[in-house]
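If you're wondering where the values come from, they're calculated on a predicted model, not measured in any experiment.
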Amino acid sequence: MTFRGASAIIGAYNLSLQAKQYSISQIWLQSGPPTELNIIQVGCGVHPTLYGDSALHLTASWTADGYVNTGCYDNLCPGFVQVNRDFGLGAFLKPTNPIGTFNKYAYVIHVKQDPSTGHWWLITTLNSIQVGYWPKEIFTHLSEGSSVIRYGGETFAPPDMVSPPMGSGRLPQELFKNSGFIGRLQITDSEYKETDVDPKDMKPYLDAKLDCYDLIYHGYEGPVYWQAFLYGGPGGQCDM
C-alpha cells in the first residue's frame, strides 16, 4: 500500500538525559530497499548532544540512503525548507506533562505529501502550523509515496552507558496517568484521504527488555485519543 502521509498526537514529557544519549518519540515514513532507504522521522525529542540541553524539542531527520551518505537532523544540512518564521525544527516544546495527571499536553505531528508538488509538508501543533517541507527531489522513493508508517519511541546510548528513558520514563503498565502515549493515529491513503489506522494493520514491535520499555495497544481509546497506545519506560541495561 502507498501512503501519502501520517499524523498523531504525542504526549509531551521532560526527561533527564546525558550527553551522547537521545530519546525521541516520533512518526516514521519510509520507502525503498535497504541500500536506498528513504526516511522522514519527526517528533518530540530530547537530544543533549544536538541541542545542548535536556529539554524537549521538535526533532526531525531525513535520509535518501539509510543515513549512509545523505540526510541529517533538523536543518544541519540542505534538505528541509523552512517556511514558518516563528516556529521551526529544533524549537522548544512547552508546556510538558508532570507524572500523575489525567489532563495531558500533546503535540500534533502531521506529515503529508502535497498532491500537486509531491513535497512532504510538516504541520504541527493544534493550530496547524505549516513548519516547512522536504522537497520530493531529495528522495528517490518517497517521491512516489511511503510504503511503511511507524509510530513510537527510539532511544540511543553508547555501549558504555545505560539506555535513557523513553516516553514519560514510566512503563505503560502504569496506565494513562503516568505512561507516555501516542494517540489519534491516522494515515493518508493513496487517494489522499485521511483516516484512522486500522487495528488489523498495526504490528507491535519491541527490541529491548520489557522492564526497560514496553507498549500496550488496545485500539480505539475513546473520542479524545481515538486509536492510541501507551509506551515507553525507564531504560537501563536494555539489550536483549
Side-chain angles (χ1 to χ4, degrees), residues 8 10-30 34 37-63 65-77 79-80 89-94 96-100 105-107 109 148-175 178-182 203-217 229-240:
I10 300 176
Y13 291 89
N14 283 323
L15 299 172
S16 179
L17 271 69
Q18 303 176 50
K20 300 182 181 180
Q21 296 177 323
Y22 67 70
S23 182
I24 305 174
S25 300
Q26 59 192 340
I27 295 174
W28 290 257
L29 302 96
Q30 66 182 59
L37 194 59
N38 292 193
I39 303 171
I40 294 172
Q41 298 173 250
V42 194
C44 306
V46 179
H47 198 317
T49 301
L50 181 61
Y51 299 115
D53 57 44
S54 195
L56 194 66
H57 295 260
L58 177 64
T59 303
S61 61
W62 72 275
T63 181
D65 62 358
Y67 296 106
V68 176
N69 295 308
T70 65
C72 61
Y73 280 107
D74 296 348
N75 295 303
L76 294 181
C77 66
F80 186 78
L89 298 182
F92 286 101
L93 296 178
K94 297 179 180 180
T96 57
N97 296 305
I99 298 296
Y105 294 105
Y107 292 93
I109 303 294
V148 176
I149 304 292
R150 305 180 193 273
Y151 308 88
E154 177 185 11
T155 64
F156 172 79
D160 60 341
M161 299 179 71
V162 298
S163 296
M166 177 193 296
S168 70
R170 302 292 188 93
L171 290 167
Q173 287 76 12
E174 296 192 35
L175 303 180
N178 293 330
S179 174
F181 68 94
I182 299 179
K203 298 178 175 61
Y205 172 77
L206 301 102
D207 64 357
K209 295 178 181 178
L210 296 184
D211 58 352
C212 285
Y213 314 119
D214 201 355
L215 67 86
I216 297 175
Y217 172 62
F229 61 90
L230 305 176
Y231 75 104
Q237 300 291 345
C238 297
D239 293 338
M240 300 285 278

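- Proximity of a side-chain donor or acceptor of Thr49 to a complementary backbone N or O of Lys20 within less than 3.5 Å is detected.
- Listed for the Ser168 side chain is a donor-acceptor partner under 3.5 Å among the backbone atoms of Asn178.
- Side chains of Phe229 and Pro204 form no contact here, defined as non-hydrogen atoms less than 4.5 Å apart.
- For the pair His57 and Gly90, the tightest heavy-atom approach, listed with the atom from each and the gap, is ND1-O, 2.7 Å.
- The side-chain heavy atoms of Tyr231 and Pro172, taken from C-beta on, include no pair separated by under 4.5 Å.
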(request) Take Ile109 and Leu58, measure what side-chain contact (heavy atoms from CB on, under 4.5 Å) needs, and give me the verdict at the end. (result) CA-CA 9 Å; Ile109 303 294; Leu58 177 64; 3.8 Å; yes
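- Annotation: the span from Ile24 atom CD1 to Phe156 atom CZ amounts to 11.5 Å, rounded to 0.5 Å.
- The side-chain heavy atoms of Leu215 and Leu230, taken from C-beta on, include no pair separated by under 4.5 Å.
- Between the side chain of Tyr107 and the backbone N or O of Lys94, at least one donor-acceptor pair lies under 3.5 Å.
- To the nearest 0.5 Å, atom CG of residue Asn75 and atom CG of residue Leu89 are 5.0 Å apart.
- A donor-acceptor distance shorter than 3.5 angstrom exists from the side chain of Ser54 to the backbone of Leu15, with no hydrogens or angles considered.
- Shown here for Leu93 and Cys44, the closest heavy-atom pair between the two residues is CD1-SG, 3.6 Å.
- Here the OG1-CG distance, from Thr63 to Asn69, works out to 8.5 Å after rounding to the nearest 0.5 Å.
- Using modelled atom types and a 3.5 Å distance limit, the side chains of Ser25 and Tyr13 yield no donor-acceptor pair.
- For the atom pair CG (Leu175) and CD1 (Ile216), the distance works out to 6.0 Å, reported to the nearest 0.5 Å.
- Rounding to the nearest 0.5 Å gives a distance of 7.5 Å between CD1 of Ile99 and CD of Glu174.
- Every residue two or more places apart in sequence or in another chain that forms a side chain to side chain donor-acceptor pair (under 3.5 Å) with Tyr213 is listed here: Thr155.
- Counting only heavy atoms from C-beta outward, the side chains of Thr96 and Tyr105 never approach each other to under 4.5 Å.
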(request) Report the C-alpha separation of Ile39 and Leu29 in whole Å, then their side-chain angles, then the decisive distance to 0.1 Å, and conclude whether the side-chain contact (heavy atoms from CB on, under 4.5 Å) test is met. (result) CA-CA 6 Å; Ile39 303 171; Leu29 302 96; over 6 Å; no
(request) Might you work through the side-chain contact (heavy atoms from CB on, under 4.5 Å) test for Leu50 and Leu76, ending with a clear yes or no? (result) CA-CA 10 Å; Leu50 181 61; Leu76 294 181; 3.6 Å; yes
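- Nearest approach of Ala157 to Ser163, heavy atoms of both residues: CB-CA, 4.1 Å.
- The shortest side-chain heavy-atom distance between Ile40 and Phe80 does not fall under the 4.5 Å cut-off.
- The distance from the CG atom of Leu210 to the CG atom of Leu171 is 9.0 Å, given to the nearest 0.5 Å.
- Contacts of Glu154 classified as side-chain contact (heavy atoms from CB on, under 4.5 Å), with partners at least two apart in sequence or in another chain: Tyr22, Gln26, Trp28, Gln41.
- Here the closest heavy-atom approach between residue Ser23 and residue Met166 is recorded as OG-CA, 3.5 Å.
- When atom types are taken as modelled, the side chain of Gln21 and the backbone of Val162 share a donor-acceptor pair closer than 3.5 angstrom.
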